[in-house]
Chemist: 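Take a look at this one; I'll ask things after.
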Amino acid sequence: MRFRALPGFRDFYPEQMAVRRTIEAVWHQASRRAGFQEFDGPVLESLELFTSKSGPEIETQLYAFSDKGERRVALRPEMTPTLARMVGARAGGLPKPIKWYCVPQFFRYERPQRGRGREFLQWNVDVIGASEPAADAEVMAVAIDALRMLGLGEQDVVMRVNDRRFLRRMLQSIDVEEREEPEVLGIIDKLARDPAAAKRLEERLGEKRAREILGWCERMPLGRAEELESVLEACRDYGVEAYLEPDFKTVRGLAYYTGPVWEIFDRGTQLRAIAGGGRYDELIAAFGGPDLPALGFGMGDVVLRELLQEKGLEPEAPPRVEVFVVPIGPEMLGPARQVLARLRERGVSADAPYGGTKVGKALKAADLIGARRAVLVGPEEWAEGAVRVKDLASGQEQSVRLEDLE
RNA sequence: GUGGGUGUAGCUCAGCUGGUUAGAGCGCCAGGUUGUGGUCCUGGAAGCCGGGGGUUCGAGUCCCCUCACCCACCCCA
């Protein structure tokens, strides 16, 4: 075989496409029933849109190139800059809060490995122009709603919740200086996976302060986390508290979060995060948009698929057609096509063999593609304007007049 | 960028210390005679054993190089 998909890119064969469509359908449903509107933007954007905020180093992680008009462009690696641009262009005219979602395909030039390719789908849900904690809780509930629809319960996944303001305040209370914060936050973020991180924390801050932080990581000091109180309370109202786990170690990599932050993980194995989100009140303005508070999350399809597969929850491909039409004898091929056309016109998905007229074989084919019924078109019935309809599960058959067929 | 692993049929893999024409299961295709399927039986197609070089009378098997893929680290918008 000479050609294959580029590294990190995926072919979607029908079975995989079916899984993808099911996941997408759930994402759409969860968004819409919470009042979010779908939007989309260009797959290709100006390179500068992505480098302006993240710095030029990000270019190594982008599919970036010059187009024929000498423009420096890049395939989108994320949605926020596009979102900021689009909201910015119409900010004045959009009723607040702006509740938008999208299911875009992203491209990142990274080394592929488990749970990470160079192309993936990511469900993005954002609220712009709402500073109330109820908004934070709502997007958290929407993320969980989708997982629930896919069959993932609180025993399967956990949402770890923290708050950036709380983190900062706690660090300040033990005299961690502002310029040390990013590094310390980085170490705290690693504590969950990397045992060596505790040691580095101690080297950085001394034994006393390190132990203090490790204590908070061990047991979240919820009593002191007033920043999170109303979010957690609203989550209880939304009925998703069983999924929540306040966790001091959840930081999120980005520097731009300004309030609640959260990540969803599977409870069992060691997969990457299924979703992550939080509040980023300054980000829209930073990307040149209006100065509006904002929050949201992203949920990728790659890790989610892995988890569904592990749990045996992978959606099955739906049957190709509902009805399989079986001509009995070569002279019935034409009439069978007429039956097909009639069924299709009435909205019933139907298929038939192109040529072969072996009944046994046709029924086997009907089985294979998952049809529920077979319509047998034989010369005798046809002469009287009827066909035989066979229920493939029970094997029962009955004669049906052509005009009653549906 | 750093480290590790694996390459044999569409898929999952077996091929013992080098030995004739490279195998299995699943899948696929075709048959098992007239207008009735799922099971079963028979047969078939399909592999430059990732590629190149070397050792040898002889290499899927040993050595060297190379490529590809996978995994972990880094990063994670």
Side-chain angles (χ1 to χ4, degrees), chain A residues 1-9 11 13 15 45 49-55 57-62 74-84 104 106-118 120 122 124 126 186 189-190 193-194 196-197 251-257 261 263 270-273 275-278 280 283 286-287 296-298 300 302-303 306 324-332 336 353 356-382 387-397 399:
Chain A
M1 198 65 76
R2 261 189 82 182
F3 295 110
R4 63 170 82 182
L6 257 22
F9 284 77
D11 292 325
Y13 286 86
E15 318 83 68
E45 289 269 22
L49 181 66
F50 302 119
T51 52
S52 67
K53 191 71 191 77
S54 314
E57 321 81 58
I58 197 79
E59 192 174 334
T60 62
Q61 313 244 51
L62 294 179
L75 290 170
R76 63 185 176 196
E78 59 164 324
M79 210 60 194
T80 312
T82 302
L83 174 65
F106 290 149
F107 305 87
R108 297 179 184 176
Y109 198 91
E110 300 180 288
R111 183 165 252 150
Q113 54 192 282
R114 182 164 197 210
R116 191 168 75 180
R118 289 179 169 179
F120 56 95
Q122 192 183 79
N124 280 252
D126 291 276
D189 193 41
K190 290 222 166 15
R193 280 166 305 158
D194 182 7
V251 174
R252 302 279 294 142
L254 289 31
Y256 62 63
Y257 286 108
V261 287
E263 290 178 329
Q270 289 282 17
L271 299 176
R272 292 163 193 282
Y280 37 87
L283 195 63
F287 274 118
F297 70 85
V302 181
V303 177
E306 267 170 30
F324 201 76
V325 180
V326 180
I328 298 171
E331 66 278 16
M332 288 294 108
T357 55
K358 288 207 161 156
V359 176
K361 215 184 142 186
L363 286 171
K364 207 167 171 174
D367 251 350
L368 201 66
I369 65 180
R372 282 220 290 265
R373 290 178 292 158
V375 172
L376 299 145
V377 184
E380 288 161 32
E381 294 88 344
W382 186 253
V387 291
R388 295 192 70 74
V389 175
K390 183 184 180 82
D391 182 297
L392 285 167
S394 67
Q396 285 188 339
E397 250 177 76
S399 185

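We use all heavy atoms of the structure for the numbers below, so side chains are in, but hydrogens, waters and symmetry mates are not. Worth saying up front: this structure is predicted, and the values here are computed from it rather than measured. Sequence lines set the chain letters: A, B, ... in the order given, protein chains first and strands last, and positions in each chain run from 1.
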Chemist: Do A:R272 and A:E306 meet the salt-bridge criterion of a basic N to acidic O distance under 4.0 Å?
Modeler: no
Chemist: Just how far, in rounded Å, is P of B:C74 from NZ of A:K190?
Modeler: 6 Å
Chemist: Using a 4.0 Å heavy-atom cut-off across all strands, classify A:G298 as base, sugar-phosphate, or nothing.
Modeler: nothing
Chemist: Which whole number of Å gives the distance between the P atom of B:G50 and that of B:G31?
Modeler: 35 Å
Chemist: Describe the nucleic acid contact of A:P81 in one word from base, sugar-phosphate, nothing, applying a heavy-atom distance below 4.0 Å.
Modeler: nothing
Chemist: Can you tell me if A:E45 and A:T82 form a side-chain donor-acceptor pair at under 3.5 Å?
Modeler: yes
Chemist: Measure from CZ on A:F106 to P on B:C75 and round the result to the nearest Å.
Modeler: 22 Å
Chemist: Starting from C1' on B:G27, measure out to CD on A:E15 and report it in whole angstrom.
Modeler: 11 Å
Chemist: Expressed as a whole number of angstroms, how long is the span from A:D189:CG to B:C76:P?
Modeler: 9 Å
Chemist: Using purine N1 to pyrimidine N3 plus N6-O4 or O6-N4 for Watson-Crick, or N1-O2 and O6-N3 for G-U wobble, each under 3.5 Å, what pairs with B:U39?
Modeler: none
Chemist: With the side chain of A:R272 defined as its heavy atoms from C-beta on, choose the nearest nucleotide among B:A72, B:U36, B:G38.
Modeler: B:A72
Chemist: Between B:G10 and B:G54, how many Å separate the two C1' atoms, rounded to a whole number?
Modeler: 34 Å
Chemist: Can you tell me the distance, in whole Å, between the OH atom of A:Y256 and the P atom of B:C76?
Modeler: 11 Å
Chemist: Could you check how far CD of A:Q113 sits from C1' of B:U2, rounded to whole Å?
Modeler: 13 Å
Chemist: Taking the side chain as everything from C-beta on, heavy atoms only, tell me whether A:F50 gets closer than 4.5 Å to A:F287.
Modeler: no
Chemist: Taking for each residue the nucleotide of RNA chain B with the nearest heavy atom, is it A:R111 or A:Q396 whose nucleotide lies nearer the 5' end?
Modeler: A:R111
Chemist: For A:K361 and B:U34, give me the distance from atom NZ to atom C1', rounded to whole Å.
Modeler: 17 Å
Chemist: Does A:K364 put a side-chain nitrogen or oxygen below 4.0 Å from OP1 or OP2 of B:C40?
Modeler: no
Chemist: Roughly how many Å apart are B:C62 and B:G5, using the P atom of each and rounding to a whole number?
Modeler: 15 Å
Chemist: What about A:R116: does its side chain form a donor-acceptor pair under 3.5 Å with the base of B:C75?
Modeler: yes
Chemist: Considering every strand shown, what is the Watson-Crick or G-U wobble mate of B:G47 when both distances are under 3.5 Å?
Modeler: none
Chemist: Taking the same atom, C1', in B:C13 and in B:G32, what whole-Å distance lies between them?
Modeler: 31 Å
Chemist: Would you please test A:K390 and A:L376 for side-chain contact (heavy atoms from CB on, under 4.5 Å) and show each step?
Modeler: CA-CA 7 Å; A:K390 183 184 180 82; A:L376 299 145; 4.1 Å; yes
Chemist: Work out how far the P atom of B:A22 is from that of B:A9, and round it to whole angstrom.
Modeler: 14 Å
Chemist: Looking only at atom P, what distance separates B:C65 and B:G4, rounded to whole Å?
Modeler: 14 Å
Chemist: Taking atom C1' in both B:A59 and B:G15, compute the distance separating them and give it to the nearest angstrom.
Modeler: 14 Å
Chemist: Under 4.0 angstrom, heavy atoms only, what part of the nucleic acid is A:E381 near: base, sugar-phosphate, or nothing?
Modeler: base
Chemist: Take A:R108 and A:E78 through the test side-chain contact (heavy atoms from CB on, under 4.5 Å) and record every step on the way to the result.
Modeler: CA-CA 9 Å; A:R108 297 179 184 176; A:E78 59 164 324; 4.3 Å; yes
Chemist: Quick one: does A:R252's side chain get under 4.5 Å of A:Y257's, heavy atoms only?
Modeler: yes
Chemist: Counting Watson-Crick and G-U wobble pairs only, both distances under 3.5 Å, name the nucleotide matched with B:G3, or none.
Modeler: B:C71
Chemist: Going by modelled atom types, is there a donor-acceptor pair between the base of B:G35 and the side chain of A:E397 at under 3.5 Å?
Modeler: no
Chemist: Taking atom C1' of B:C29 as reference, at what distance in whole Å does atom NZ of A:K358 sit?
Modeler: 13 Å
Chemist: When the C1' atoms of B:G47 and B:G60 are compared, how many Å lie between them, rounded to an integer?
Modeler: 11 Å
Chemist: Is any side-chain N of the basic residue among A:E110 and A:R118 closer than 4.0 Å to the acidic one's carboxylate O?
Modeler: no
Chemist: What's the closest nucleotide to the side chain of A:L392 if the choices are B:G37, B:C71, B:U36?
Modeler: B:G37
Chemist: RNA chain B: A:T80 or A:G115, which has the more 5' nearest nucleotide?
Modeler: A:G115
Chemist: Give none if B:C13 has no partner; otherwise give the nucleotide forming a Watson-Crick or G-U wobble pair with it, both distances under 3.5 Å.
Modeler: B:G23
Chemist: If you only use heavy atoms from C-beta on, which nucleotide in B:C28, B:G35, B:C71 is closest to the side chain of A:R114?
Modeler: B:C71
Chemist: What is the nucleic acid contact for A:R252, judged by heavy atoms within less than 4.0 Å: base, sugar-phosphate only, or nothing?
Modeler: sugar-phosphate
